[in-house]
Each structure stands twice: as C-alpha cells, then as structure tokens.
Amino acid sequence: MGKKEREYNFFNDVYEVVKLIPKGRATSYGAIAAYLGTKMSARMVGWAMNAAHNDKTIPAHRVVNRNGQLTGRFHFKAPTTMQYRLEKEGVKVKDDTIVDFSKVFWDPHKELY
DNA sequence: AAGGTGACCGGTT
DNA sequence: TAACCGGCCACCT
C-alpha cells in the first residue's frame, strides 16, 4: 500500500464526519476528535484537514476551532475563501469568528448515531 | 531514532 | 483578559 493511500485510510474517519456537516452549520476540531474516540486528538483532526485541503468533496470551511474562529483560513486558496464559503451558506462571520457560534455549532456526538 | 511540530483544547495562573 | 501548560499522536527530519 502506497504512502498516499495509507494517509487517506488513516484520515478517512475524519473526512467522513466532515462530509456529514450540514450546509450552514459548523463544528470544531475537538468535537470531531471526541466523537471519533480517544485515539484521535484535536491536533490530528487539524492535521487531517491540512492533508485534505485540496479535496473539493470535503467541506473544510465548516470546521473551526472551539471558539468559532476560522483558524484554518490561511490554508485555503486565499485567506478570505473560508469566510466567503461560510457566508455563502448563510453563516455570518465577524473578525474571523462565526457569529452566534453556539447556534451554528453542529455536534456530531448529538446529531449522529 | 529521537525530538520538534501542528487548521487543538480545557484548565489554571 | 491574556498568557501559559500539559496532554494529544502521527509525521517529518
């Protein structure tokens, strides 16, 4: 098995959850890690998103940090891309932070089974 | 082969 | 309020 394939298998669980985030909602790195179990740390979720950043099938813009900040914005094509995509879905962003994040927040632990 | 490094997090100072 | 700390764990050098 090649390196690229192994990498994809390893991060696959993260990608599957990210793909389930509904339009107009967002979750956090830590929430995904908690949902997947103790083996996966929030840092690893960030690493997985980094590895996936050109995959158009993964809505990476819907993953932010626990405070709703768009900490991953510099990894997009332009630093404004992440905010643009969120606002296009009706999510308001101010000062690189999602407005009313608690209402936009999508917790995989509660919304998935 | 060992140590540095994250698109992080919760708690403490 | 902001800075810091320890835990996290696969990757990279």
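Proteins get letters first, then strands, A, B, ... in listed order; numbering begins at 1 in each. The shown structure was predicted, so the numbers you read here are calculated from the model rather than taken from an experiment.
Here the separation of B:dA7 from C:dT13, taken at their P atoms, is 15 Å to the nearest Å. Atom P of B:dA1 sits at a distance of 23 Å from the matching atom of C:dC9, rounded to the whole Å.
The phosphate of B:dC9 (OP1 or OP2) has no side-chain N or O of A:S41 nearer than 4.0 angstrom.
Atom CG in A:N67 sits about 12 Å away from atom P in C:dT1, given to the nearest Å. Residue A:N65 contributes atom CG, which lies 5 Å from atom P of B:dC9 at whole-angstrom precision. Rounded to whole angstrom, the span from the CG atom of A:L36 across to the P atom of C:dC9 amounts to 12 Å. Atom pair A:D13:CG and C:dA10:P shows a separation of 13 Å (rounding to whole Å applied). Atom CD1 in A:I32 sits about 16 Å away from atom C1' in C:dC8, given to the nearest Å. Nucleotide B:dA7 holds its C1' atom 8 Å from the CZ atom of A:F76, rounded to whole Å.
Proximity of A:V99 to A:V93: side-chain heavy atoms (C-beta onward) are nowhere separated by under 4.5 Å. With contacts defined as side-chain heavy-atom distances shorter than 4.5 Å, the pair A:Q83/A:L70 qualifies.
Between A:E89 and A:R25, none of the side-chain N atoms (NZ, or NE/NH1/NH2) sits under 4.0 Å from a carboxylate O, so this pair counts as no salt bridge. Using a 4.0 Å cut-off between charged side-chain N and carboxylate O, A:R73 and A:D96 make a salt bridge.
Residue contacts for A:A60: at a heavy-atom cut-off of 4.0 Å it reaches a base atom on one of the strands shown.
Side-chain proximity of A:M49 to C:dC8, B:dA7, B:dC9: nearest is B:dA7.
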Protein-nucleic acid N or O pairs under 3.5 Å, nucleotides 2-6 of chain B:
residue : atom : partner : partner atom : Å
B:dG6   : N9   : A:R43   : NH1          : 3.2
B:dG6   : N7   : A:R43   : NH1          : 2.9

Between protein and nucleic acid, restricted to nucleotides 10-13 of chain B and to nitrogen or oxygen atoms under 3.5 Å apart, what atom pairs and distances do you find?
residue : atom : partner : partner atom : Å
B:dG10  : OP2  : A:R66   : NE           : 3.4
B:dG10  : N7   : A:R66   : NH2          : 3.1

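Summarising the geometry of A:Y15 relative to A:A48, their closest heavy-atom pair is OH-O, 2.9 Å, with the distance given to 0.1 Å. When all heavy atoms of A:V64 and A:Q69 are compared, the pair lying nearest together is CB-O, 3.3 Å.
Grouping the Ile, Leu, Val, Met, Phe, Trp and Tyr side chains by contacts below 4.5 angstrom, directly or via other members, places A:F105 with A:M82.
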Requested in this report: Determine, stepwise, if the pair A:D95 / A:T97 fulfils side chain to side chain donor-acceptor pair (under 3.5 Å).
Outcome: CA-CA 5 Å; A:D95 298 329; A:T97 304; over 6 Å; no
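With sequence neighbours left out, A:F76 forms a ring-ring contact (aromatic ring centres under 6.0 Å, His included) with no residue at all.
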